[in-house]
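To start, the structure itself, in structure tokens.
Counting convention: from 1, in listed order, for ligands and their atoms alike. Basis for what follows: all heavy atoms, side chains included, without hydrogens, waters or symmetry-related copies. Predicted model, so just to flag it, every value in this text is computed and none were measured.
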Amino acid sequence: MVDVSRSLARCPAISKGYRIGKAILLTMVKKDISARAEELRQRINYHNYRYHVLSSPVISDYEFDLLVRELQALESEHPEILSPDSPTQRVGGQPAERFERVPHPAPILSLGNAYDADEVRAWFDRISKLDDRVLEIDFSVEPKLDGLTVVLHYEKGVFILGATRGDGEYGEDITANLKTVRSLPLRIPIAEEKVEAPRRLVVRGEAIILRKDFEEMNRRLEQAGERTYVNPRNAASGALRQLDPKLTAQRPISLLCYAIVEGEDSQPDQQLEVLEYLKRMGFPVPEEIYHCEDLERAISIGEEMARRRDDLPYEADGVVIKINDLELAADLGFVGKDPRGAVAYKFPAQVVTTILRDIGVNVGRTGVITPYAILEPVEVGGVTVSQATLHNFDFVEEKDIRIGDRVLLKRAGEVIPYVIGPVAEARKGDEQPFLLPNSCPSCGEPLERLPGEVAVYCVNATCPAQLVRNLEHYASRSAMDIEGLGIRIAKQMVEAGLVSDVADLYQLIEDDLLTLEGFAEKKADNLLDAIESTRERSLARLINALGIRGVGVTVAVDLARHFRNMNAFQAATQQELEGIEGIGPNIAATIVDWNAQLSNRELLKKLQLAGVWPVEGGGHEGEAGLFSGMTFVLTGKLSTLTRGEAKTLIEQHGGKVTGSVSRHTSYVVAGESAGSKLDRALALGVPILNESGLRSLIEK
Ligand code: IVH
């Protein structure tokens, strides 16, 4: 709970240095409270916009959090100042029983498709016959985003309604869910611009999940034994259709806008100006927008974007070529539900069909068994694919996927190719339903399905397939970071019987490794050195390396910060674990169970005997300090500390100070006359602190 006097101390009227009793202070500043709350809302909206729309934050997450907390404190002390468009209300909505149907102010139309350049040219020929002006036009070319269309209503600059496309005439009211989308402005204009809020504005955009967020989200779900999503579109659309906005808020949805459905007369009459206008108002718009003077140029931009579609930050299934002159576009009218003024030039299909020869099963690190498709090799999106994921056994059952089926296969970006479903019409009758294995394909032990989980597990702690995955995880970059130990070598070691758990790595000698194919002295020595160096790793890394279900880097850092040594971690109780911020009852129970298992106790004993037993303050790299695992970059002249002093301070708390800024940098600490490092941090979205920010982080 935040003390309101702290909030008051930040109030401009008070920060000037009055020293008055708290009671007088409270009455005195009542009218200022609402002004301060308003100022905070504006600042929060602005920093939210810098972070989520511009990807260029100017304050650290911590400083942002302070602003939010202060506003929350003010609003809870003075409920009368609360407003529904306050940034604290993004996740305030109550679960709904169903979505209300709402009319769109104008039809939300779709687009005609062109599947190759000639079809684009044919579209242009058709419209040039209708109107001479077409011969002199220019175009905007935009990515055709593969998400869920949304229609956003603003009254006097306040977001009041958000709807799905529905049938184009009526949509569903998903306002509460859309409010949880961080890049959606709750109020416009948001930036510092001196632009007046339009009286009424209805904007069209696409709710999507960025590729990087999608991958991260699925990784987390998998770690927690939950069902993963097939693709970003399904995940975004599923999340926005949740009746409880709290569930939507858990999904990393983004927004990109591209059209005005209804606005004021003074609004731009060219598509490229519309995009500029939306941007100025604070709406996120796609970055890949082109202005083309002639059609051939627009076609080649489309083809060029098709070639780099996998590098786009989101999934797109084509480009939309639009006549820039919106008045002309409107005059051209429609064919059915498709406006003539724009065309979707689709990228070549990334969906193909092929035969499912067999279904294989994989054993993951935590014992999760997952099915995968063994396919008749087929080319999709320029790559030959012979294996694809089938997600989980429920998916195979729900889609009724049978061995021998012709299946639809999709490859999108770097996401592993996946089977969409069978082509039931192509069945001959000899296709075989898949039977869920009841024993582990690697160790033969019976499989189990844990209550409430979709995943099927092999719970044998000595299962060789799990051991391989465990070794791979133990050695991975964010865990013990053993260079040269990847899945291939882990497999060789297990097959040769050199290791039966991760602690056996510390008993290996050169002769053991020389028995493995591809190992000569130098390679063996390098690997032994790399293993040796892990005795110095931090507590957080070791906890992460143990591979406890649900315990990834973030949780491991929290645990290490709390327990400070392995003995305390091993003795953790459910209650103590639940008391740690960020750790819920499920993870707490998993940790207690893990620690209680005899095989795990024996493993820890072996690690301890091998000297892999990090203790906070033992002088090892990183240790379990506040900044363990974090890297800092110092730039500019700090207000009181010298660079050397700041470095020592960070290192004392387990952090590392490096010279150059990368995406992996945790914080840049910037002082006066900070130069290119600050620019780079801004460009990469690395959080920035000043000296007092650094100090408050430590005090916190
Ligand atoms: S313009 C009259 N621009 O693609 C305006 N649509 O097949 C028509 N879409 O559901 C829409 N990205 O919502 C436009 N940059 C973009 C788009 C886009 C995605 C969606 C659109 C519609 C579908 C049409």
Protein contact to [atom] [nearest heavy atom, distance to 0.1 Å]:
| atom | value |
| --- | --- |
| atom 23 (C) of ligand 1 | Lys144 NZ, 3.8 Å |
| atom 22 (C) of ligand 1 | Arg204 NH2, 3.4 Å |
| atom 12 (N) of ligand 1 | Leu145 N, 3.0 Å |
| atom 3 (N) of ligand 1 | Lys322 NZ, 2.9 Å |
| atom 13 (O) of ligand 1 | Tyr258 OH, 2.5 Å |

Counterpart residues, side chain to side chain contact (heavy atoms under 4.5 Å, CB included), relative to Thr228 (two or more places apart) =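 Partners of Thr228 under the side chain to side chain contact (heavy atoms under 4.5 Å, CB included) test: Asn218, Leu221, Glu222.
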May I ask you to check whether over 12 heavy atoms, not counting those of Arg200, lie within 6.0 Å of atom CZ?
->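 Buried by this count: over 12 neighbours within 6.0 Å.
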For atom CD of Glu379, is the number of surrounding heavy atoms from other residues, nucleotides or ligands below 6.0 Å larger than 12?
->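 Yes - once you tally the heavy atoms of other residues, nucleotides and ligands closer than 6.0 Å, there are more than 12.
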Does a donor on one side chain sit under 3.5 Å from an acceptor on the other, for [X] and [Y]?
| X | Y | result |
| --- | --- | --- |
| Thr353 | Arg406 | yes |
| Ser60 | Glu63 | yes |
| Tyr314 | Glu206 | no |

Does any N/O atom on [X] come nearer than 3.5 Å to any N/O atom on ligand 1?
| X | result |
| --- | --- |
| Val320 | no |
| Arg165 | no |
| Ser110 | no |

Any non-hydrogen atom of Pro143 lying under 4.0 Å from ligand 1?
->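 Per 4.0 Å heavy-atom rule, Pro143 contacts ligand 1.
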Numbering the atoms of ligand 1 from 1, which are under 4.0 Å from a heavy atom of [X]?
| X | result |
| --- | --- |
| Pro339 | 2 (C) |
| Glu142 | 3 (N), 15 (N), 16 (C) |
| Thr149 | 10 (O), 13 (O), 21 (C) |

Tell me the ring pair (Phe, Tyr, Trp, His ring centres under 6.0 Å) pairs involving residues 266-307, sequence neighbours left out?
-> Tyr154-Phe283
Matching residue for Ser140 among Glu273, Gln271, Gln270 - test: side-chain contact (heavy atoms from CB on, under 4.5 Å) =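 Of the listed options, the one satisfying the test is Gln271.
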